[in-house]
Amino acid sequence: MSRPSLLSADDLRTGLAQLPGWERDGDAIRKDFQFSDFIEAFQFMTRGALLAEKLNHHPDWRNVYNRVEVTLSTHDQGGVTELDLKLARGLEAGAPGSAGHAGTPG
């Protein structure tokens with residue numbers, strides 16, 4: 001399977017506009033999720049891990065208690081591709097207990 005190509009700046013802006021709380025961070029996109037407790041955060045990561053494996057595209061992430069920090073980039077392409085947006089959309093769909101971007105209600 002061929003890897004997707006880098007997104008143009010316009011395509012990346014359009015994609016991020018459809019993903020509340022996600023932002024560009026250098027050659028990646030990122031979001032901090034906040035949940036009610038550790039169990040919800042871990043469930044989110046479990047669902048995310050299954051999706052990532054299915055897509056063969058794995059996030060850089062970190063969990064501390066009820067927070068999960070996610071950074072996505074297609075490293076072999078050197079930046080953000082449609083694959084990153086697809087994984088971000090899937091993570092959003094798998095975050096029903098998320099309070100949105102860390103520090104904000106939602």
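The basis for the numbers below is simple: all heavy atoms, side chains too, and nothing from hydrogens, waters or symmetry mates.
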Participant: For F35 and A95, work out which heavy atoms get closest and say how close.
Facilitator: CE2-CB, 4.3 Å
Participant: If you apply the rule side chain to side chain contact (heavy atoms under 4.5 Å, CB included), what do you find for D60 with L72, and how did you get there?
Facilitator: CA-CA 6 Å; D60 293 329; L72 303 176; over 6 Å; no
Participant: Under a single-linkage definition using a 4.5 Å side-chain heavy-atom cutoff for Ile, Leu, Val, Met, Phe, Trp and Tyr, are L6 and L83 assigned to the same hydrophobic cluster?
Facilitator: no
Participant: M45 and L50: same hydrophobic cluster, using ILVMFWY side-chain contacts below 4.5 Å?
Facilitator: no
Participant: Examine distances only and state if a side-chain atom of K86 and a backbone atom of L55 form a donor-acceptor pair shorter than 3.5 Å.
Facilitator: no
Participant: Can you name the nearest heavy-atom pair linking S73 to G79, along with the distance?
Facilitator: OG-O, 3.4 Å
Participant: Taking side-chain contact (heavy atoms from CB on, under 4.5 Å) as the test, write out the residues that go with L19, two or more places apart.
Facilitator: W22, L85, A88, R89, E92
Participant: Quick one: closest heavy-atom pair of F44 and L91, and the distance?
Facilitator: CE1-O, 3.3 Å
Participant: List for me each residue that meets side-chain contact (heavy atoms from CB on, under 4.5 Å) alongside D27, sequence neighbours excluded, and say none if there are none.
Facilitator: none
Participant: Supply the atom-to-atom distance E82 CD to D84 CG, rounded to the nearest 0.5 angstrom.
Facilitator: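 One finds 9.0 Å between CD of E82 and CG of D84.
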Participant: Could you grab the distance from atom NZ of K54 to atom CG of L87, nearest 0.5 Å is fine?
Facilitator: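 The CG atom of L87 is 12.0 Å from NZ of K54, to the nearest 0.5 Å.
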Participant: Taking atom types as modelled and ignoring hydrogens, do the side chains of E40 and S36 form a donor-acceptor contact shorter than 3.5 angstrom?
Facilitator: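 Looking only at side-chain atoms, S36 and E40 do form a donor-acceptor pair, the distance falling under 3.5 Å.
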Participant: I'd like to know if the side chain of N63 and the backbone of Y65 have a donor-acceptor N/O pair within less than 3.5 Å.
Facilitator: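 Side chain of N63 to backbone of Y65: a pair is present.
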